[in-house]
Amino acid sequence: QGNAPGNYSIKVVDKNGCELSSGFNIITPTGVAVQLVPLVRLSSGDDYNLVPMYSIPDDSIASVQWSPSAFLTCTNCPYPQIKGIDQDLEYTVTYTNRNGCIASARIRIEIIKRNIWIPNAFSPNGDNINDSFYPVVSEDSYQEIKSMQIFDRWGNLLFSRMHFPPNDPLYGWNGDANHEHLNPGTFVYVIEVVWKNGETEKRFGNVTLIR
């Protein structure tokens, strides 16, 4: 049975009565383990630093292997960087200490889908169905709608709103201009969205107002 961690001494006596004493220390063994954040969501093309939590000091690590190698700056280093990833992937890190003990962990990278849906018609008639014209943007992909403008066919500005969240009819256009209901017709919109990574995108199109 092994002894508990701590300081010990040993004494050896030969048949002539000569003695030899020596001290030694039994230390608590360090378990081999590694932890990673299980899930990270990134915008397409983003970079990300992989920072596992190893249970032993870096200088006690004998080898490290990451897989797959796609988008990684290195596959045999403790802390690689993901660069320019544009697809969902799951990475596994496996490392070995100097005694040959092995541990591994996984992290899943999901790419945030950048989708925006803009209706081509709406009916502001007070029935609480399609009463407002507003953009719908995929979850977690955006910072804000930088601007939304509505023009008539002669280029006159009828509606303008700046710096507001998508997906909310309260921030949309209700079909009025100068506090008056507009007649049914087709109008031009210009919408600029700021994506989560700071990129901006403009969308142009027509929307039909139906009474």
Side-chain angles (χ1 to χ4, degrees), residues 36-51 68 70-73 81-92 105-211:
L36 277 167
V37 177
L39 174 65
V40 173
R41 304 188 74 219
L42 303 175
S43 296
S44 181
D46 277 358
D47 298 339
Y48 181 78
N49 294 321
L50 290 165
V51 186
F71 307 106
L72 295 183
T73 54
Q81 185 182 38
I82 300 173
K83 293 190 71 67
I85 188 168
D86 60 3
Q87 60 183 276
D88 295 352
L89 278 176
E90 184 173 86
Y91 290 100
T92 300
R106 294 181 179 181
I107 180 173
R108 179 168 177 78
I109 307 297
E110 290 186 357
I111 300 302
I112 298 170
K113 304 301 186 290
R114 299 201 315 190
N115 295 321
I116 180 170
W117 177 76
I118 302 172
N120 57 17
F122 75 118
S123 56
N125 54 14
D127 64 356
N128 296 320
I129 302 174
N130 296 326
D131 281 340
S132 181
F133 171 77
Y134 61 96
V136 176
V137 185
S138 55
E139 183 181 1
D140 292 337
S141 67
Y142 60 87
Q143 291 185 22
E144 64 172 358
I145 299 297
K146 185 176 181 180
S147 64
M148 182 172 78
Q149 296 177 315
I150 308 295
F151 301 88
D152 63 20
R153 59 180 178 175
W154 297 280
N156 298 309
L157 180 63
L158 304 176
F159 174 87
S160 179
R161 175 155 283 156
M162 308 292 290
H163 307 294
F164 65 94
N167 310 335
D168 191 336
L170 294 178
Y171 294 96
W173 179 43
N174 63 2
D176 291 358
N178 298 319
H179 307 290
E180 294 183 359
H181 295 326
L182 295 176
N183 293 324
T186 300
F187 302 88
V188 176
Y189 66 78
V190 180
I191 296 175
E192 187 171 12
V193 59
V194 181
W195 297 110
K196 191 171 185 177
N197 64 357
E199 294 180 5
T200 61
E201 181 180 351
K202 277 189 176 181
R203 293 290 184 94
F204 305 86
N206 297 324
V207 58
T208 300
L209 187 157
I210 302 170
R211 293 289 182 187

Original post:
Looking only at heavy atoms, which two atoms of Asp131 and Gly126 are closest? And how far apart?
Top reply: OD1-N, 3.3 Å
Subject >> Heavy-atom donor-acceptor pair, Asp152 side chain to Trp154 backbone, under 3.5 Å >> reply: yes
Original post:
So how far is it from Thr200 OG1 to Ile145 CD1, rounded to the nearest 0.5 Å?
Top reply: 11.5 Å
**OP:** May I have the step-by-step check of side chain to side chain contact (heavy atoms under 4.5 Å, CB included) for Leu42 and Ile85, ending in yes or no?
**Re:** CA-CA 8 Å; Leu42 303 175; Ile85 188 168; 4.0 Å; yes
Original post:
Can you tell me how far the CG atom of Asn125 sits from the NE2 atom of His181, to the nearest 0.5 Å?
Top reply: 10.0 Å
Subject >> Ala70 to Leu89 - nearest heavy-atom pair and separation >> reply: CB-CD1, 4.1 Å
Original post:
When the ring centroid of Tyr189 is compared with that of Phe133, is the distance short of 6.0 Å?
Top reply: yes
Original post:
Hey, does the side chain of Glu192 reach the backbone of Lys146 with a donor-acceptor pair shorter than 3.5 angstrom?
Top reply: no
Subject >> Pairwise side-chain contact, Arg108 with Leu39, heavy-atom cut-off 4.5 Å (strictly under) >> reply: yes
**OP:** Might you work through the side chain to side chain contact (heavy atoms under 4.5 Å, CB included) test for Val188 and Asn206, ending with a clear yes or no?
**Re:** CA-CA 5 Å; Val188 176; Asn206 297 324; 3.5 Å; yes
Subject >> Gln143 and Trp195 side chains, donor-acceptor separation under 3.5 Å >> reply: no
Original post:
Between Glu90 and Arg106, does at least one N-O distance fall below 4.0 Å, as a salt bridge requires?
Top reply: yes
Original post:
Is there a side-chain contact between Pro135 and Met148, using heavy atoms and a 4.5 Å cut-off?
Top reply: yes
Original post:
Has Gln87 got more than 12 heavy atoms of other residues, nucleotides or ligands less than 6.0 Å from its CD?
Top reply: yes
Original post:
To the nearest 0.5 Å, how far apart are CZ in Phe204 and CD in Gln149?
Top reply: 10.0 Å
Side-chain atoms of residues 164-172: list all donor-acceptor pairs with protein atoms under 3.5 Å, sequence neighbours left out, distances to 0.1 Å.
| from | atom 1 | to | atom 2 | distance (Å) |
| --- | --- | --- | --- | --- |
| Asn167 | OD1 | Val137 | N | 2.6 |
| Asn167 | ND2 | Val137 | O | 3.1 |
| Asp168 | OD1 | Leu170 | N | 2.9 |

Subject >> Donor-acceptor pair, side chain of Arg203 and main chain of Ile118, under 3.5 angstrom >> reply: no
**OP:** Look only at the side chain of Ser138 and the backbone of Lys113, and say whether a donor-acceptor pair between them is shorter than 3.5 Å.
**Re:** yes
**OP:** Mind checking the CZ-CZ spacing from Arg211 to Phe122? Nearest 0.5 Å is all I need.
**Re:** 7.0 Å
Original post:
Within the distance-only criterion (no hydrogens, no angle test), does the side chain of Asp176 pair as donor or acceptor with the backbone N or O of His179 below 3.5 angstrom?
Top reply: no
**OP:** Find the distance between CD1 (Ile112) and CG (Asp46) and round it off to the nearest 0.5 Å.
**Re:** 7.5 Å
Original post:
Can you find a pair of side-chain heavy atoms, one from Phe71 and one from Asp86, that are under 4.5 Å apart?
Top reply: yes
Original post:
Is the closest side-chain heavy-atom distance between Tyr91 and Leu72 below 4.5 Å?
Top reply: yes
**OP:** Identify the two heavy atoms, one from Ala177 and one from Leu182, that lie closest to each other, and give their separation to 0.1 Å.
**Re:** CB-CD2, 3.9 Å
Original post:
What residues, two or more places apart in sequence or in another chain, satisfy salt bridge (Lys or Arg N to Asp or Glu O under 4.0 Å) together with Arg41?
Top reply: Glu110, Asp140
**OP:** Would you check if Tyr48 and Ile107 make a side-chain contact, meaning some heavy-atom pair closer than 4.5 Å?
**Re:** yes
Original post:
Hey, does Ile191 have a side-chain heavy atom less than 4.5 Å from the side chain of Tyr134?
Top reply: no
Original post:
Measuring from Ser43:OG to Lys196:NZ, what's the distance to the nearest 0.5 Å?
Top reply: 6.5 Å
**OP:** Under the side chain to side chain contact (heavy atoms under 4.5 Å, CB included) rule, what do Ser44 and Ile111 come out as? Steps first, then yes or no, please.
**Re:** CA-CA 6 Å; Ser44 181; Ile111 300 302; 3.9 Å; yes
**OP:** Please indicate whether His163 has more than 12 foreign heavy atoms, meaning atoms of other residues, nucleotides or ligands, lying under 6.0 Å from its NE2.
**Re:** yes
Original post:
Are side-chain heavy atoms of Glu199 and Arg114 found at a separation under 4.5 Å?
Top reply: yes
Original post:
Any side-chain heavy atom of Ile82 within less than 4.5 Å of one from Asp47?
Top reply: no
**OP:** Look only at the side chain of Ser123 and the backbone of Ile210, and say whether a donor-acceptor pair between them is shorter than 3.5 Å.
**Re:** no
